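Right, one structure below, let's go through it.
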Amino acid sequence: AIDPRQSATVYAATGAFPGGPSPVAGDTPGDILVSTNNGGAWTSIRTNLPDAPINAVVIDPASLPALLTQPAQRLYVATNKGVYMSGNAGVQWTDISGNLSRSLPSAPITDLALRSDGVLAASTLGRGAYWTPTAGVVPTVIVGHLGVNVTLRQGATLTTGISIANVNTADTFGLRLNSRVPWISV
């Protein structure tokens with residue numbers, strides 16, 4: 001998908017369905033990549049998307065920011081685990097599968113189309129098509145597992161940190177951290 005105002009900004013979904021250009025296409029989780037130099041270099045913007053193939057990406061041309069130097073802000077991706085939306089150019093993703101006309105079945109989402117009237121349509125692998133108006137769909141708090149890998153011997157002390165950012169400036173949220181090991185306090 002090419003950004004409608006910044007033609008050098010290109011998004012690519014990788015990890016489509018089996019039977020693609022190679023025998024192992026779709027056997028491993030995919031990625032969503034962005035290039036800001038016409039494909040010269042690519043960066044992953046997968047962030048908090050589930051470990052699943054990503055089959056399609058759509059840019060909402062109505063989400064162009066006032067500054068001409070910024071890319072479109074709203075992106076949609078089709079994955080094998082649902083439809084996800086980003087309201088900040090791929091920094092964070094929110095599952096919007098529940099917003100579609102009926103609850104999405106447990107099936108890969110094969111493609112997305114954004115109609116000019118703002119309706120997002122999603123097709124599934126053998127389970128039909130679904131749709132939702134995008135007006136009023138906003139990113140919500142993204143719940144995911146936080147983790148940090150450290151080596152700590154019993155009786156020793158270690159200080160570590162996890163960076164947390166709330167990209168939604170309108171809402172606040174609470175957070176509780178728990179340890180899976182009884183002798184570690186958080």
Side-chain angles (χ1 to χ4, degrees), residues 1-7 9-36 39 42-65 71-147 167-168 171:
I2 301 171
D3 190 284
R5 184 171 24 191
Q6 295 183 346
S7 61
T9 301
V10 183
Y11 298 89
T14 64
F17 294 100
S22 74
V24 295
D27 288 347
T28 58
D31 205 348
I32 178 77
L33 304 168
V34 64
S35 172
T36 57
W42 295 91
T43 303
S44 174
I45 55 171
R46 179 181 198 88
T47 58
N48 65 313
L49 285 171
D51 287 335
I54 299 169
N55 306 309
V57 59
V58 171
I59 300 170
D60 185 348
S63 68
L64 299 173
Q73 297 297 295
R74 191 174 287 210
L75 307 172
Y76 300 94
V77 294
T79 76
N80 280 15
K81 293 187 177 180
V83 177
Y84 291 79
M85 179 195 86
S86 175
N88 52 14
V91 174
Q92 292 285 353
W93 298 91
T94 301
D95 185 354
I96 63 163
S97 302
N99 290 43
L100 299 173
S101 58
R102 303 182 308 265
S103 294
L104 279 173
S106 180
I109 309 305
T110 57
D111 204 1
L112 295 173
L114 185 59
R115 297 184 343 198
S116 60
D117 62 356
V119 170
L120 180 69
S123 63
T124 65
L125 183 62
R127 301 290 303 272
Y130 300 80
W131 59 269
T132 186
T134 57
V137 176
V138 295
T140 59
V141 174
I142 299 157
V143 179
H145 297 284
L146 298 175
V167 297
N168 183 339
D171 298 319

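The model shown is predicted, which means the values in this text are computed figures rather than measured ones.
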With rounding to the nearest 0.5 angstrom, report the [atom1] to [atom2] distance, [X] to [Y].
X	Y	atom1	atom2	value
D51	K81	CG	NZ	6.5 Å
L33	I45	CG	CD1	8.0 Å
S123	D111	OG	CG	5.0 Å

How far apart are the C-alpha atoms of T9 and V34, what are their side-chain angles, what is the distance that settles it, and do they pass the side-chain contact (heavy atoms from CB on, under 4.5 Å) test?
CA-CA 7 Å; T9 301; V34 64; 4.0 Å; yes
Where [X] and [Y] come nearest, the two heavy atoms and their spacing:
X	Y	value
L112	A78	CD1-N, 3.5 Å
I2	S7	CG2-O, 3.7 Å
I96	M85	CG2-CB, 3.9 Å

Between V83 and Y130, is the side-chain contact (heavy atoms from CB on, under 4.5 Å) condition met? List the steps.
CA-CA 11 Å; V83 177; Y130 300 80; over 6 Å; no
For residues [X] and [Y], determine if any side-chain heavy atom of one lies less than 4.5 Å from a side-chain heavy atom of the other.
X	Y	answer
D3	L64	yes
Q6	T36	no
I32	W93	yes
V77	Y11	no
P61	L114	yes

Do you know which of I109, T79, T94 makes side chain to side chain contact (heavy atoms under 4.5 Å, CB included) with Y84?
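Single side chain to side chain contact (heavy atoms under 4.5 Å, CB included) partner of Y84 among I109, T79, T94: T79.
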Say whether, by atom type as modelled, one donor and one acceptor occur between the side chain of [X] and the main chain of [Y] under 3.5 angstrom.
X	Y	answer
S86	L75	no
D95	S97	yes
S63	A72	no
S35	V10	no
Q92	G90	no
N55	T110	no

The side-chain hydrogen bond (donor to acceptor under 3.5 Å, both in side chains) partners of R5 (sequence neighbours excluded) come to none
